[in-house]
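Below: one structure, written as C-alpha cells.
Whatever order the structure lists them in is the order used to number ligands and atoms, beginning at 1. Note that the structure is predicted; figures quoted are calculated from it, not measured.
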Amino acid sequence: MPRLPAKLTGVARYLPPRLLTNADLEKMVDTTSEWIFERTGIHQRHIVDKGVASSHLATEAARQLLEEKKVSPDEIDMIVVATVTPDMFFPSTACLVQNNLKCRRAWGFDLVAACSGFVYALTVAAQFVAAGSHKKALVIGADVMTSILNFEDRATCVLFGDGAGAVLVEPCQPGEEGILDFHHDIDGSGGCFLYMPAGGSLNPASHETVDKKMHTVHQEGREVFKYAVRRMVEVPKLLLERNGFSANDLKLLVPHQANQRIIKATANRLGLEDSRVVLNIDKYGNTTAGTIPIALVDALNEGRLKKDDLVMLLAVGAGYTTGALLLRWAY
Ligand code: UT7
C-alpha cells in the first residue's frame with residue numbers, strides 16, 4: 001500500500017468578502033430560503049466582484065499560506081491548481097499564480113477533476129515530494145463558480161459559491177507518517193449528469209451557445225446525488241479497511257461540501273458522529289475545488305485537528321470523479 005513520505009504542513013484560504021444569501025436569491029429566482037436550506041444546508045455563499053478570477057483567489061490563499069509558514073516564494077518547487085473555472089484556457093492558472101507570487105523556481109499546471117480536483121492535485125503533488133525531487137509543493141483548489149452559473153436556473157444557481165484554499169506539501173521526517181493511502185477513480189458514464197456544454201472544442205463560443213446558456217453548469221441533481229451518496233460511503237470503507245483501520249479510528253472526515261444531506265447520509269452510514277465530520281456548507285455553499293482546503297482551515301480554527309490525528313479527505317464530483325486521501329495530520 002502506498003505510504004507516501006509527504007505531509008501537509010500548512011493550509012490557508014481566501015474567500016471573497018461579498019456575500020450572497022438565500023434571501024438575496026429569493027429576489028433573483030423562483031426559490032425560497034427554506035427550500036435552499038432544507039435541500040442543501042446552505043445559508044449563504046461568498047461571491048466575487050466583477051473582474052475577480054480564480055487566479056486572484058488562488059494567489060491570495062497561497063500568499064497567506066507562504067506568509068504564515070514564513071516560506072519564501074523562491075522555495076516553492078511546484079504549483080498545482082485544481083479548478084474548473086480557470087481565468088482562461090491558457091495560460092494555466094498555475095502560471096498566473098506563479099507570476100503573481102514570484103515563485104521563480106516553480107513549475108506547475110492546472111488539473112481538472114471538478115469537485116475531486118483538490119484531492120487529485122494533492123495526490124499528484126505528493127508523488128513528486130515523496131520521490132524526493134521536490135521539497136515544497138503548493139496545491140491550490142480555486143473556483144469562481146459564479147462565472148459559470150445560470151442565474152435563471154434555480155436548480156443550480158443556489159448551490160455554488162466562490163473561494164480558494166491552498167496547502168503546502170513537504171517531505172516527512174524519517175519515521176514520520178504523512179499521506180498513508182489514497183483512492184481515485186473516474187466513471188465517465190456520469191459525464192452527462194453534470195457538465196458545461198460549451199466553450200471547449202466541441203461547442204466553441206458562438207452567439208447560439210451564449211443565447212442557449214451553454215456556458216453554464218448543467219446538472220441532473222438527483223442522479224449526481226445518488227452516485228455521490230453511494231461512493232462517499234464505499235470509498236472510505238475501502239481505504240480504511242485496506243489500511244487496517246475502522247471508522248472508529250478516524251478522527252476527522254473532511255468531505256467535499258456539495259449537499260448537507262449527502263454528508264449526513266455518509267456520516268450516518270459510516271457511523272461517524274457530527275464531531276468527527278466537517279460540515280460548513282451553510283457558510284460557503286459548494287466552492288468545487290475549494291471546499292476541502294477551506295474546510296481544513298475551519299477545522300483547524302475550531303481546534304478539531306491535532307498532530308497524528310487520522311484524517312480522511314473525500315470528494316465526488318463531475319466526471320464522475322472520486323477521490324479520497326487518508327493521512328496523519330502532521331502538526
Ligand atoms: O459538487 C458536485 C456534485 N454535485 C452534487 O453532489 C449535487 C447532488 N445533488 C443535489 O445536491 C440535489 O439533487 C439538489 C440540491 C441539486 C436538488 O435537490 P433534490 O432534492 O434532488 O431536488 P430535485 O432536483 O429532485 O427537485 C425537487 C423539486 C423540483 O420540483 P418538482 O419537479 O418536484 O415540482 C424542482 O423543480 O424542487 C424544485 N426545485 C426548487 N424549488 C425551489 C429545484 N430547485 C429549486 C429551488 N427552489 N432552488
Legend entry - Heavy atom of protein inside 4.0 Å of atom 1 (O) of ligand 1, strictly below: yes
Inset, instruction - Indicate yes or no: does E176 engage K7 in a salt bridge with an N to O separation below 4.0 Å. - result: yes
Legend entry - Of the listed options D30, N259, V29, closest to atom 15 (C) of ligand 1 (non-hydrogen atoms): N259
Inset, instruction - Identify whether the distance between the nearest side-chain nitrogen and carboxylate oxygen of E208 and K212 falls below 4.0 Å. - result: yes
Inset, instruction - Below 4.0 angstrom from a heavy atom of N286, which ligand 1 atoms are there? Numbered from 1 as shown, please. - result: 1 (O), 2 (C)
Inset, instruction - Measure the distances from the heavy atoms of A155 to every atom of ligand 1 and state whether one is below 4.0 angstrom. - result: yes
Inset, instruction - Find all atoms of ligand 1 within a distance of less than 4.0 Å from any non-hydrogen atom belonging to L194, and give their numbers and elements. - result: 2 (C), 3 (C)
Inset, instruction - Give a yes or no on whether the ring-centroid distance for W35 and F37 is below 6.0 angstrom. - result: no
Inset, instruction - Between I262 and ligand 1, find which residue part has any heavy-atom pair under 4.0 Å and reply side chain, backbone, both or neither. - result: side chain
Legend entry - Verify atom 42 (C) of ligand 1: protein non-hydrogen atom under 4.0 angstrom away: yes
Legend entry - Sub-4.0 Å protein heavy atom next to atom 31 (P) of ligand 1: no
Inset, instruction - Give the residue, atom name and distance (to 0.1 Å) of the protein heavy atom nearest atom 3 (C) of ligand 1. - result: V224 CG1, 3.6 Å
Inset, instruction - Among R105, K136, R104, find the one that has a salt bridge (charged side-chain N to carboxylate O under 4.0 Å, His left out) with D77. - result: R105
Inset, instruction - Could you name the option among E220, R222, E34 that has the heavy atom nearest to atom 25 (O) of ligand 1? - result: R222
Inset, instruction - Look at the rings of Y320 and F193 and say which category their plane angle falls in: under 30° parallel, 30 to 60° tilted, over 60° perpendicular. - result: parallel
